[in-house]
Amino acid sequence: MKKLLIVYAFLISIFAIYLFTYYLKDSILNPFDQSDKRLQGDIGETYVMVTFSAGIEYWKSAIKGFEDAATDRNVSVEYRGATQYDSHEQITVLEQVIAKKPAGIAISAINPYELNSTINKAIDAGIPVVLFDSDAPASNANAFLGTNNYSAGVTGAHKIADLLGGKGNVAVITLPNQLNNKERTNGFVETISNDYPNMKVVAIKDGKGDQLQSEKAAIDIIKSYPDIQGIFATEANGGVGIADAAQSLKKDMKIISFDTDKRTLDKIKEGAISASLAQGTWNMGYWSLQFLFQHHHGNSELQADRQSKQSAVIPDNVDTGISIVTKENVEEYYAD
């Protein structure tokens, strides 16, 4: 009997050591597991993404990032958007979303000024708001996540200068009323002016974010400046429109575009567009929801002392990065 008890004691000791080792290993491999569980949401908790020009390919990656983060946090998401490139319509959509009192709103502002009062209305109602892609810096939104648009313009300037050997006349087709496009234009123009004495920006035209309008603007530029050697487009429709203009007028020039919709990638592949600047759109959507989640729970569930720490570690401006797409790496940017 005594020997049997010793055997039982030995087996229990081995089992205890196994459990200790298992949980120690798990805690090392998943040091934040406990906090993650604590910060899971509820499936009835709904976050809304609001854009303009709803349905265009550009938003797909951001929406996917938003949805992926929702899955990670066990919450729900909705997507709403103005159907047209119209600030009044986007304000109406935003008002409708606020009325439903969601857990948070991620919005890309069509105009840096006109949405401020509506964004502030959401904040005053206790709804966290983050801006992504296109900012409204004078609003009271909790954060902005997107491309450093001035730096993107700088990158575009260096790329076109590299393609032209640092010489020649160039132009820009942009959306002058949209802050992100304005910042890209400023980065491009100032870099050409400051760093390339043998280059000059001879024209800046409004492409209205539309392929046909951009094509018309590019035709005007090419006819007004027959020696033009390159055009920088600050958004995707502009790049495609410029490529169409160059092809119709049989004009050989360098074109730097923006983003990675399929039309742009196809034109890079065929050599009509020289390069495009790819934004981290999935990151914009993914981290927008994570930020909203943190702000929502920081305001409603966390302890007061933790809330102050929580607020301190969430930045109010995040650069989601950019990369250059050329004929050499274009295949990597097609959707699976």
Side-chain angles (χ1 to χ4, degrees), residues 41 45-54 59 62-63 65-66 69-70 73 75-150 175-183 209 281 284-302 304 307-320:
E45 192 176 308
T46 301
Y47 297 82
V48 184
M49 174 178 278
V50 179
T51 70
F52 50 88
S53 301
W59 301 118
I63 293 170
F66 204 63
R73 291 300 182 188
V75 296
S76 299
V77 294
E78 290 181 5
Y79 171 60
R80 298 288 307 277
T83 56
Q84 304 295 322
Y85 189 80
D86 183 300
S87 58
H88 298 294
E89 186 186 356
Q90 192 180 31
I91 289 169
T92 300
V93 170
L94 185 55
E95 292 276 8
Q96 292 169 346
V97 170
I98 293 169
K100 291 185 176 181
K101 299 180 180 177
I105 301 171
I107 181 167
S108 183
I110 190 172
N111 182 287
Y113 313 109
E114 294 180 1
L115 276 75
N116 286 349
S117 61
T118 314
I119 291 171
N120 293 345
K121 180 178 178 181
I123 295 291
D124 292 344
I127 302 170
V129 177
V130 299
L131 284 138
F132 72 97
D133 187 51
S134 185
D135 199 4
S139 74
N140 295 330
N142 299 95
F144 171 69
L145 303 95
T147 303
N148 182 323
N149 290 296
Y150 184 90
L175 271 166
N177 294 324
Q178 195 168 303
L179 182 61
N180 54 358
N181 282 248
K182 188 175 181 179
E183 291 171 342
T281 49
M284 292 180 199
Y286 184 86
W287 290 108
S288 286
L289 189 133
Q290 293 285 8
F291 273 42
L292 290 171
F293 183 92
Q294 295 293 335
H295 279 290
H296 174 75
H297 286 265
N299 289 336
S300 61
E301 295 180 7
L302 301 177
Q307 180 178 332
S308 61
K309 294 174 186 175
Q310 194 83 11
S311 300
V313 298
I314 299 178
D316 58 9
N317 195 304
V318 177
D319 181 2
T320 48

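Quick caveat, the model's predicted, so the values are computed rather than measured. Start at 1 with the first residue, then count along the sequence. We use all heavy atoms of the structure for the numbers below, so side chains are in, but hydrogens, waters and symmetry mates are not.
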Closest heavy-atom pair, P102 versus V48, reported as atoms and distance to 0.1 Å, is CB-CG2, 3.8 Å
Requested in this report: Measure the shortest side-chain to side-chain distance between Y47 and R73 over non-hydrogen atoms and say whether it is less than 4.5 angstrom.
Outcome: no
In terms of heavy-atom contacts, P128 and L292 come closest through O-CD2, 3.4 Å
Between the OG1 atom in T92 and the CZ atom in R80, the distance rounded to the nearest 0.5 Å is 10.5 Å
Counting only heavy atoms not in Q84 (residues, nucleotides, ligands), do more than 12 fall under 6.0 Å from its CD? no
Output yes when a side-chain donor or acceptor of N120 lies under 3.5 Å from a complementary backbone atom of N140, and no otherwise. yes
The reported gap from CZ in F144 to OG in S139 (rounded to nearest 0.5 angstrom) is 11.0 Å
Distance col, row N142:CG vs I127:CD1, nearest 0.5 angstrom, shows 11.0 Å
The side chain to side chain contact (heavy atoms under 4.5 Å, CB included) partner of Q90 among T83, L115, N111 is L115
Between the CG atom in L289 and the CD atom in Q294, the distance rounded to the nearest 0.5 Å is 10.0 Å
Rounded to the nearest 0.5 angstrom, the CD-OG1 distance for E183 and T147 is 10.5 Å
Taking every heavy atom of N149 against every heavy atom of D133, the minimum-distance pair comes out as ND2-O, 4.0 Å
S134 and N180 have their tightest heavy-atom pair at CB-ND2, 3.6 Å
Open item on the list: Using side-chain heavy atoms (C-beta onward) and a distance below 4.5 Å, is I105 in contact with I98?
Closed with: yes
Only one of V130, L145, N148 passes side chain to side chain contact (heavy atoms under 4.5 Å, CB included) with V318, and that residue is L145
Checklist line | Step-by-step side-chain contact (heavy atoms from CB on, under 4.5 Å) determination, M49 to V77 | finding: CA-CA 8 Å; M49 174 178 278; V77 294; over 6 Å; no
Closest non-hydrogen atoms of A109 and L131, given as atom of the first, atom of the second and distance, are CB-CD2, 3.8 Å
When rounded to the nearest 0.5 Å, the distance separating CG of N116 from CD1 of I123 is 11.5 Å
Checklist entry - Is the W59 ring parallel, tilted or perpendicular to the F132 ring (thresholds 30°, 60°)? => result perpendicular
query: With distance as the sole test, does E89 use its side chain to make a donor-acceptor pair with the main-chain N or O of F52 at under 3.5 Å?
result: no
Closest heavy-atom pair, V129 versus A122, reported as atoms and distance to 0.1 Å, is CG2-CB, 3.7 Å
Heavy-atom side-chain contact between H296 and F293 under 4.5 Å
no
